[in-house]
There are 2 protein chains.
Amino acid sequence: MVEYKSTLDGIFLSLANPTRRDILRRLAPGVQTVSELADHYDLTFAAVSKHLQVLERAKLVHKRKSGREQRVELSPTGLQQADKYLEQYRKLWEEKLDRLEMFLKNDK
Amino acid sequence: MVEYKSTLDGIFLSLANPTRRDILRRLAPGVQTVSELADHYDLTFAAVSKHLQVLERAKLVHKRKSGREQRVELSPTGLQQADKYLEQYRKLWEEKLDRLEMFLKNDK
DNA sequence: TTTATATTCAACCATTTAGTTGAATACTAT
DNA sequence: ATAGTATTCAACTAAATGGTTGAATATAAA
């Protein structure tokens, strides 16, 4: 696997995959092992393990070893960075949407 | 090209590429033509045109024809959807970060 | 100590992505 | 009408992604 130039590359690439977004969803309530996660998908264990590697490199999850298991949990850093990126555009698109709303209102 | 199952696939895939993120950045101040955008990259015109197609399918930009030119502008919908997705996790990671901060404070 | 469980690694394959080049289309200006 | 400009399309390539299988490793249980 290749290193990313930008962290955002890895974060957004991670989020671009529905299985990986689903993994994040399942981790929201709390820690899960790799096996527990893998059970829910019609994929090989290895495939899920790879998805977790992608998520981990992007700092969207964090793994800690506990005996022979790996306990996976959400990591705030990646999501926070993604949010920070979008932040810069938030004012912009809110303005645009406001103008659009205004336009529709005056046009009825 | 293939249709995406989820809009989020297309949005996050778009954002995963640095050239495309840069295009969005350049569009923040306002409308640009395809040529104006293409000038800034060490890529063929066709390559930039393709990037814009990706962004457009994801509803991150919007194109309108004006004579033989295409005027490209930011579209609020895509960014807003990405933001909405992250929204669900915001409380979660803020809590996590708070706990971490608390922990560090009590440990000094 | 052998066996079972949890996970990763390595090698491989199909599909997608990001780029190229060259031709095609559509509009503008001469 | 002709030439130039703006953009897309089609065909192709290299590299990355998402998946598989089978072997390797590490820990736990019998």
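Both backbone and side-chain heavy atoms feed into the values below; hydrogens, waters and symmetry mates do not. Per chain, numbering begins at 1; letters A, B, ... match sequence-line order. Everything quoted here is computed from the prediction, not taken from an experiment.
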Item to check | Proximity to the side chain of A:Ala46 - top-ranked nucleotide from C:dC27, D:dC9, C:dT8 | outcome: C:dT8
[atom1] of [X] versus [atom2] of [N]: gap in Å, rounded?
X	N	atom1	atom2	answer
B:Leu55	C:dT17	CG	P	13 Å
A:Gln53	D:dG18	CD	P	12 Å
A:Phe45	C:dA4	CZ	P	18 Å
B:Lys65	D:dT8	NZ	P	9 Å
A:Tyr41	C:dT7	OH	C1'	17 Å
B:Glu69	C:dC27	CD	P	13 Å
B:Arg64	D:dT8	CZ	C1'	19 Å
B:Phe12	D:dT17	CZ	C1'	18 Å

Item to check | Cation-aromatic face contact B:Arg26/B:Tyr41, 6.0 Å, 45 degrees | outcome: yes
Item to check | Side-chain donor/acceptor contact of A:Arg68 with base of C:dT5 under 3.5 Å | outcome: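 Answer is yes: a donor-acceptor pair is held.
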So, is [X] close to the [N] phosphate, meaning a side-chain N or O under 4.0 Å from OP1 or OP2?
X	N	answer
B:Asn17	C:dT17	no
A:His51	D:dG19	yes
B:Thr44	C:dT20	yes
B:Gln70	D:dT8	yes
A:Ser49	C:dT8	yes
B:Lys50	C:dT20	no

Next on the checklist: Please compare B:Leu52 and A:Val48 by the position of their nearest nucleotide in DNA chain D and report the one closer to 5'.
Outcome noted: B:Leu52
Item to check | Smallest separation among heavy atoms of A:Tyr85 and A:Leu8, with atom names | outcome: CD1-CD1, 3.8 Å
Checklist outcome for this item: Here the pair of heavy atoms bringing B:Leu24 nearest to B:Val61 is CD2-CG1, 3.8 Å
Next on the checklist: Does this structure show an ion pair linking B:Asp9 with B:Arg57, if we count only N-O contacts that are shorter than 4.0 Å?
Outcome noted: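 Result for this pair is no, no salt bridge flagged.
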Checklist entry - Have B:Thr77 and B:Ser75 got a donor and an acceptor in their side chains that come within less than 3.5 Å? => result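 B:Thr77 vs B:Ser75: donor-acceptor pair found between side chains.
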Checklist entry - Contact class for B:Arg20 (heavy atom, under 4.0 Å): base, sugar-phosphate, or nothing? => result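 Touches sugar-phosphate only.
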